[in-house]
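Each remark here refers to the structure printed beneath this line.
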2 protein chains.
Amino acid sequence: MALTPRDGELAVLLERESGSRWVIPWEAPRGDERLDDVAQRVVRESSGSAPSWLSQIGAFADGRHPSDLDLSVGYVALVPMGAGDEPPSNEAEWRPVSEVAGLGERQATILQGALATVRDRLDLQPIAFRLLPVSFTLSELQQMYELLLGRRLHKASFRRALQAAFLVEPTDEWRSEGRGRPAQLYRYAPKRRRRGRRGVRFDLLG
Amino acid sequence: MALTPRDGELAVLLERESGSRWVIPWEAPRGDERLDDVAQRVVRESSGSAPSWLSQIGAFADGRHPSDLDLSVGYVALVPMGAGDEPPSNEAEWRPVSEVAGLGERQATILQGALATVRDRLDLQPIAFRLLPVSFTLSELQQMYELLLGRRLHKASFRRALQAAFLVEPTDEWRSEGRGRPAQLYRYAPKRRRRGRRGVRFDLLG
DNA sequence: TCAATAGTGTCTGTTAGACATTATGGA
DNA sequence: TCCATAATGTCTAACAGACACTATTGA
């Protein structure tokens, strides 16, 4: 399942089934093909772009597969910004995740798992950077994090944490976008290892 | 794959294959059986105990399955303390994870995934409590967390966080264990919802 | 000049880790 | 008495969120 940022929201790529139902693009493995390679191939063929990040979600057997297969192995792929601006060739379409409705039970479970997987890994892998162009403003980076996390972040805190992590370096370019003061462009340039985990969290549901 | 605390370390249940190799217990689904139910059944049959916690790890196709199946769906199950004291019936054995060697490539990947999955969920689900008896001392609880996380924790911080989380309540019993001052017994009794996540972490590898 | 956005400085409350201290039983 | 463990209090550094402020452009 491919996700991409579009219009300030996450969009998911769906394909029209032979009937009229929308389904997550899928294919069976060919020969000894690795699972990751199958997922890569499905994303390239359905979206027209190569994914810039890919992760397995898990195996799903509840509900129904579009072709009645017993087992689905779900993957989530992120496709860089801009790739979702024009719809890909065949019967596929980018749909904002908030407007997706009428999926089958298994398909809906996979979509929820995809969002959860992205949010889980966001602080451990440079996911947001792979969705942006090489040069970006800090506001764009923050907006990408907010998009992927699905919640607002505090500007000053975001920049403080980013500075402390030595993840980006400023370029000498600036970009003026409409009204306000121009923003400096940055690039992803990780420099140091990060701090070790501190403490234990007891974030149970209660 | 079943894990249990034993001798201050995590132990994993392995079965002897027809040859002489040790493999993770497995079975194919029967009919329309749900994946979680298959995993439950495998754990009960191989360990003799019902798992007190169960989670899917993912689908694995690289490497080789003991019976050359294309795809393995890995699960990790935790079995309460004490169940691993005596080995189960057939050709199965609890082995400390640190001493496991000579597994196949796919099996080794699943074992690593099992440990990672447990550690990932430890702060979101009451995993540690399901491994302990209903009454336990705070030191025992901390040792369980340390066992599952694979690292030492700070005593005062651990208790402070635990208190703030309203997860346990004291009983009026005490237990004297060898030398020092007796410890009060506690029971798991979650009371309030936890705080929401704060901030963003940039724990990338760099 | 006003509006809008970028970027920064300061304050405060929370929390984790270090350290010390008291409490209480067994050897 | 000495030792080992439980349990708790205090201090400090790190950090997140709030808020205000300056900077710089276009309308």
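Just so it is clear: chains get the letters A, B, ... in the order the sequence lines come, proteins before strands, and each one is counted from 1. In this text the structure is predicted, and so the values were computed from the model without any measurement.
- Distances shown here put a side-chain N or O of Arg159(A) below 4.0 Å from the OP1 or OP2 atom of dG7(C).
- Residues Arg187(B) and Val134(B) have side chains not in contact (no heavy-atom distance under 4.5 Å, counting atoms from C-beta outward).
- Mapping Ser139(A) and His154(B) onto DNA chain C by nearest heavy atom places Ser139(A) at the nucleotide closer to the 5' end.
- Between Lys155(B) atom NZ and dA18(C) atom C1' there is a gap of 13 Å when expressed in whole angstrom units.
- If you measure from atom CD of Gln142(A) to atom P of dA6(C), you get 9 Å, rounded to the nearest angstrom.
- At whole-Å resolution of the value, CZ in Arg201(B) and C1' in dT15(C) are 12 Å apart.
- The separation between Trp174(B) atom CH2 and dG26(C) atom P is 14 Å, rounded to whole Å.
- The only member of Leu147(A), Leu78(A), Leu13(A) that meets side chain to side chain contact (heavy atoms under 4.5 Å, CB included) when paired with Leu3(A) is Leu78(A).
- Atom CG in Leu185(A) sits roughly 12 Å away from atom P in dA6(C) (whole-Å rounding).
- Residues Trp22(A) and Glu17(A) have side chains that never bring a donor and an acceptor to within less than 3.5 angstrom of each other.
- What separates CD of Glu177(A) from C1' of dG7(C) is a distance of 17 Å, to the nearest Å.
- Between the side chain of Ser157(A) and the base of dG17(D), at least one donor-acceptor pair of N or O atoms lies under 3.5 Å.
- Looking at the side chain of Arg160(A), the nearest of the listed nucleotides dG17(D), dA16(C), dG7(C) is dG17(D).
- The 5' end of DNA chain D is approached more closely, in terms of each residue's nearest nucleotide, by Arg179(B) than by the other of Arg179(B) and Pro182(B).
- In summary, the side chains of Arg44(B) and Ser49(B) do not present any donor paired with an acceptor at a separation below 3.5 Å, with no hydrogens or angles considered.
- Residues Asp62(A) and Arg34(B) are paired through a salt bridge, judged by an N-O separation under 4.0 Å between the basic side chain and the carboxylate.
- Here dT5(D) presents its P atom at 15 Å from CZ of Arg175(B), a figure rounded to the nearest Å.
- Taking only side-chain atoms of Ala156(A), from C-beta outward, the nucleotide of dT24(D), dA18(D), dA6(D) with the closest atom is dA18(D).
- Between Glu140(A) and Gly180(B), the one whose closest nucleotide on DNA chain C sits nearer the 5' end is Glu140(A).
- Here the P atom of nucleotide dA16(C) and the CG atom of Leu149(B) are 14 Å apart, to the nearest Å.
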